[in-house]
Amino acid sequence: MFWPTAATIIMHALMIMALTANWESSEDNIITPTVIPPQIVNATLVSIDEFRPKPKPKPVPPKAKPKPKVDPKIEQRKQAEAKKVKQAAIAKQKAKDKAVQDAATQAELEKQRAREAAAREADRQRAELAARQQAEQAWRRSQEEADRAMAASSAEMSASYAGLIQRTVVNNWSRPPSARNGMEALLSIQLIPTGDIVSVTVLKSSGNGAFDRSAINAVEKAGSFPELKNLPIREFERTFRRFRLLFRPEDLRY
């Protein structure tokens, strides 16, 4: 009811404004407004419900189609085939699961065999190492014993050859008349493995030239000691490659 009444009032106000708009004022002239006869407006009350959107009609659900008639024999065959397919799928899955389980079991067996083989190989290597160590220890003991025996033998041979050298030089030494007690001449003698003398030098002079010269002559007269060829080279290098002789009038010391 409010909206129709408001529309009527607004239309009347517009008409009054239109009538008064024709009046114009001036300082010199007054114009008489033209009278326009009033117009009658037919207004009808309208309900607001007419402007509201009408609700859409609800869709009518389609009628269900009648189910086709099924032959029981065909249905039985379909069920039997579906059962066979299901059983085949179950059997296939069981076979697949069994294959996976067998593969896992086989893999575990292979791993176990590999671990056992590795353990056997480790035991074999440890046994070989222990055997090698024992053999090496036995060899070292035998070598040490042989070295000790050789060293004893070499020491005996060296002592024997030293005595030989001393006797040979003493037999070759002619002491000069000027030799006196207390004189000493220390010589350095160098040999080669054949026993030949390659050099004789005075390390410490006696103070008497004739005495020193007589000592050198005694060594040079010997020339060589061929018996040294029988001495092991290591013992020769250690003892006779370069050695010293001390000459004194009283005796000759090696």
Side-chain angles (χ1 to χ4, degrees), residues 115-254:
R115 288 193 292 268
E116 292 175 355
R120 289 194 297 271
E121 180 63 19
D123 292 340
R124 186 187 65 80
Q125 291 180 358
R126 283 193 292 269
E128 288 183 356
L129 179 60
R132 287 197 299 270
Q133 289 176 344
Q134 291 177 357
E136 184 177 357
Q137 290 174 357
W139 178 82
R140 286 182 177 179
R141 286 194 296 268
S142 64
Q143 287 296 114
E144 289 174 355
E145 292 175 358
D147 290 342
R148 284 194 294 269
M150 184 177 293
S153 176
S154 298
E156 292 177 359
M157 292 177 66
S158 297
S160 174
Y161 292 145
L164 173 64
I165 293 171
Q166 183 176 5
R167 288 192 299 272
T168 302
V169 173
V170 167
N171 292 333
N172 294 335
W173 188 27
S174 296
R175 295 168 180 78
S178 59
R180 298 288 184 272
N181 290 338
M183 288 184 178
E184 290 184 350
L186 182 62
L187 303 185
S188 173
I189 303 170
Q190 184 178 356
L191 303 178
I192 58 177
T194 59
D196 294 332
I197 299 172
V198 295
S199 69
V200 181
T201 57
V202 178
L203 293 180
K204 180 181 178 183
S205 174
S206 64
N208 184 290
F211 187 88
D212 294 344
R213 185 67 233 172
S214 67
I216 294 173
N217 290 337
V219 175
E220 291 178 346
K221 187 176 181 179
S224 67
F225 306 97
E227 295 82 3
L228 295 179
K229 290 186 293 186
N230 300 324
L231 194 66
I233 188 65
R234 185 168 58 181
E235 185 65 22
F236 171 82
E237 294 290 340
R238 186 175 67 87
T239 307
F240 294 104
R241 169 66 71 176
R242 190 183 295 274
F243 65 96
R244 298 176 180 182
L245 279 179
L246 180 63
F247 286 80
R248 296 189 303 182
E250 301 84 28
D251 57 4
L252 176 65
R253 293 194 177 182
Y254 172 76

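If you take CG on N230 and CZ on F236, they are separated by 12.5 Å, rounding to the nearest 0.5 Å. In this structure, CG on L228 lies 11.0 Å from CZ on R241, to the nearest 0.5 angstrom. Going from atom CD of E136 over to atom CZ of R140 covers 4.0 Å, rounded to the nearest 0.5 Å. Going from atom CG of N171 over to atom CD of Q166 covers 10.5 Å, rounded to the nearest 0.5 Å. The CZ atom of F211 lies 8.5 Å from the CD atom of E184; values are rounded to the nearest 0.5 Å. Note that the OG atom of S199 and the CG atom of L187 stand 11.0 Å from one another [nearest 0.5 Å].
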Stepwise side-chain hydrogen bond (donor to acceptor under 3.5 Å, both in side chains) check, S206 with N208: CA-CA 5 Å; S206 64; N208 184 290; 5.4 Å; no
Carefully, step by step, assess E121 and Q125 under the rule side-chain hydrogen bond (donor to acceptor under 3.5 Å, both in side chains). CA-CA 6 Å; E121 180 63 19; Q125 291 180 358; 3.1 Å; yes
Yes or no on side chain to side chain contact (heavy atoms under 4.5 Å, CB included) for E237 and I233, after CA distance, side-chain angles and deciding distance? CA-CA 6 Å; E237 294 290 340; I233 188 65; 4.0 Å; yes
For N217 and R213, run side-chain hydrogen bond (donor to acceptor under 3.5 Å, both in side chains): C-alpha distance rounded to whole Å, both residues' side-chain angles, the deciding distance at 0.1 Å, then the answer. CA-CA 6 Å; N217 290 337; R213 185 67 233 172; 2.8 Å; yes
Go through the steps for F247 and W173 under the test side chain to side chain contact (heavy atoms under 4.5 Å, CB included), then give the verdict. CA-CA 10 Å; F247 286 80; W173 188 27; 3.9 Å; yes
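Considering only heavy atoms from C-beta on, Y161 comes within 4.5 Å of F240 through its side chain. The side-chain heavy atoms of Q190 and V200, taken from C-beta on, include no pair separated by under 4.5 Å. Residues I197 and E220 are not in side-chain contact: their nearest non-hydrogen atoms beyond the backbone lie 4.5 Å or more apart.
Between A218 and V169, the closest heavy-atom pair is CB-O, 3.8 Å. Minimum interatomic distance between S188 and R242 (heavy atoms only, all atoms of both residues): OG-CG, 3.7 Å. Shortest non-hydrogen contact noted between A185 and D212 is CB-OD1, 3.4 Å. L245 and I189 make their closest contact through CD1-CD1, 3.3 Å (heavy atoms, listed as atom of the first residue, atom of the second, distance). Closest heavy-atom contact between T168 and A222: CG2-CB, 3.9 Å. R244 and L186 get closest at one heavy-atom pair: CB-CD1, 4.0 Å.
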